[in-house]
Number of protein chains: 2
Amino acid sequence: MAANDGTVGKALEVLDQVAAFGRPVRFSELLDASPFPKATLYRLVQTLTKQHMLTFDHERNTYTPGLRLVRLAHAAWQQSSLVPIARPHIDQLAEEVREAVHLAQIDHGHVIFVDKRKKTNMFDTLAQTGLVAPSYCTGVGKAILAFLPEDRRDEALKMQAFVPYTPHTHKSPDSLTPELAEIRKDGIAFDREEHEQGIISVAAPILRSGDKVVGAISIATSTSRRSLDDLNGLSPILLETASRIASEIEPWHFPN
Amino acid sequence: MAANDGTVGKALEVLDQVAAFGRPVRFSELLDASPFPKATLYRLVQTLTKQHMLTFDHERNTYTPGLRLVRLAHAAWQQSSLVPIARPHIDQLAEEVREAVHLAQIDHGHVIFVDKRKKTNMFDTLAQTGLVAPSYCTGVGKAILAFLPEDRRDEALKMQAFVPYTPHTHKSPDSLTPELAEIRKDGIAFDREEHEQGIISVAAPILRSGDKVVGAISIATSTSRRSLDDLNGLSPILLETASRIASEIEPWHFPN
DNA sequence: TTGTTGGTTTCAAATAATGAAACCTAGTTT
DNA sequence: AAACTAGGTTTCATTATTTGAAACCAACAA
């Protein structure tokens, strides 16, 4: 992935590492997973800890991502241009369809769930705010990928590992590409238990000025509640919502 | 607040700045608010942007905190030692009292709301996951402060500005100190519309091995729904919940 | 005792950060 | 149009930080 912006870049790389472990990590584990020499990594980790970007557990000698991140992320989330605009709409959608509704954006090739609403009492799907999901096997991910300009799509796909979460998961870009063309045509993407067994979703991109994708929304449910056809029946209202959100986006920018 | 860890420290200082603005901010505004010379700040901001820690809006020439933070924070949140332990308990508490229940931790002198549950349909109180609140005028904040070791309490208070949010807000440490002693005695803290007009709360610290505070929980409501006395009546169940959470904390560490 | 693993510190060499000043724009004003 | 300006970007010699091999220090095991 290249592009190493000096010390800051390295520090962030370490942060990513720690986050990726998903559990408290020892210095030595980090060292193995890291391209940096011992002393360098040591000082990076020290600095990050002193800065509360990492939390150090004295008893277990392990590191976890620090609370300062939560603080900073709140600001990021609150200021996101998309979230506040979409909020009332996904809220209403969740109310109408009585299923979980997700809002996602893409960043750095990662699909990030930035908001969710659910008005049902069923068990929580695993998606939560801030969760990162793979793009190639989620509804929102594919919806966004499909409408990304070609270069950015390639870039996003290149940094994917194509983990076979379920038997339905795409195994390589080759099988994915035709589906993306399909999605581009229909304006609708499906997740057919590709990320989690028993979980399906319909997703629609949010297109600014008709073609620039800035995010996606999806309705997710379990196969025990609804069939895929059934879910497909919700496409119109999903599309309607997506376009309503899009229409409220100011003529300004959108990074992505 | 000192302790400047080289470039990384400076970069994070800039991030804090941007987050503190709470709105898209121009380079020049940042420059005014920043101790760094133009060129230095410029490069820091560039680096952070390239690293997706900041998002740059081409049209408006402004910066906002980046999505990478959301990604990282999710990991921090998920791995927090307190959140998963407390989750079922605050859930149950919210169910029983039918009011909003908050879980907070302290970091770097900041009170951070790390989780919340509400089973009521009333308007959302402003507290949300990741929100930073002042310690001196919130229930959870005072509950934590009261049980902090003296040196860390002083440190935490020193970095506070004592903004008078409402007429009931403490104006200085002098009036706060006696109340903290009180809280230490009772094991219960109240927010008497000190942060927001019309919002009150009861809070209890979560004490590991009886005396080390690792966080706090609170029940929050509006004056229109309940009186302070009424809320006080919920103290027993709140304390009960807090001690149940505490009892599930492993003999391990706790950073704070 | 001797080895080993995991963590911490040293120190001269290599590298990156610094910041004053110059330099671009693209709007404004005269 | 020429002359300002405010906001943003780049240069470059100086300075300070980062680097990483190696040495060092536990604590624990053989």
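This is a predicted model, so every value here is computed, not measured. Chain naming here is simple, since letters A, B, ... match the order of the sequence lines and numbering starts at 1 in each.
- Side-chain atoms of A:Phe27 lie closest to C:dT8 of the nucleotides C:dA20, C:dT18, C:dT8.
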Q) Step by step, would you call A:Gln160 with A:Ser135 a side chain to side chain donor-acceptor pair (under 3.5 Å)? A) CA-CA 8 Å; A:Gln160 289 290 354; A:Ser135 55; 3.0 Å; yes
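- Contact annotation for A:Arg43: base contact, defined as any heavy-atom pair under 4.0 Å involving a base atom.
- Separation of atoms NZ (A:Lys10) and CG (A:Leu48) is listed at 13.0 Å; rounding is to 0.5 Å.
- Separating the NE2 atom of A:His58 from the P atom of C:dG6 is a distance of 20 Å, rounded to the nearest angstrom.
- For B:Asn61, taking side-chain heavy atoms from C-beta onward, the closest of the listed nucleotides D:dG8, D:dT10, C:dA16 is D:dG8.
- Of all nucleotides listed (D:dG20, D:dT18, C:dT9), C:dT9 comes nearest to the side chain of A:Tyr42.
- No hydrogens or angles were tested; on distance alone, nothing pairs the side chain of B:Lys38 with the base of C:dG19 as donor and acceptor under 3.5 Å.
- The existence of a salt bridge linking A:Glu248 and A:Arg208 is excluded, since no basic side-chain nitrogen approaches an acidic carboxylate oxygen closer than 4.0 Å.
- The distance between atom CG of A:Leu41 and atom C1' of C:dT8, rounded to the nearest whole Å, is 13 Å.
- Taking 4.0 angstrom as the limit, A:Ser28 places a side-chain polar atom (N or O) nearer than this to OP1 or OP2 of C:dG7.
- In this structure, of D:dG8, C:dG6, C:dG19, it is C:dG19 that holds the atom nearest to the side chain of B:Thr40.
- When distances are taken from the side chain of B:Ala39 to each of D:dT18, D:dG8, D:dT10, the shortest belongs to D:dT10.
- No hydrogens or angles considered: a donor-acceptor pair under 3.5 Å links the side chains of A:Arg68 and A:Gln51.
- The distance between atom CG of A:Leu31 and atom P of D:dT19, rounded to the nearest whole Å, is 14 Å.
- In this structure, A:Asp115 pairs ionically with A:Arg87, as a charged nitrogen and a carboxylate oxygen lie closer than 4.0 Å.
- Taking only side-chain nitrogens and oxygens, A:Arg26 comes nearer than 4.0 Å to OP1 or OP2 of C:dG7.
- Closest to the side chain of B:Lys10, from the set C:dG7, C:dA17, D:dG8, is C:dA17.
- Each of A:Glu29 and B:Leu44 was assigned the nucleotide of DNA chain C with the nearest heavy atom; the assignment lying further toward the 5' end belongs to A:Glu29.
- Distance A:Gln46 CD to D:dT18 P: 13 Å, rounded to the nearest Å.
- A:Tyr63 has its OH atom 14 Å from the P atom of C:dG6, to the nearest Å.
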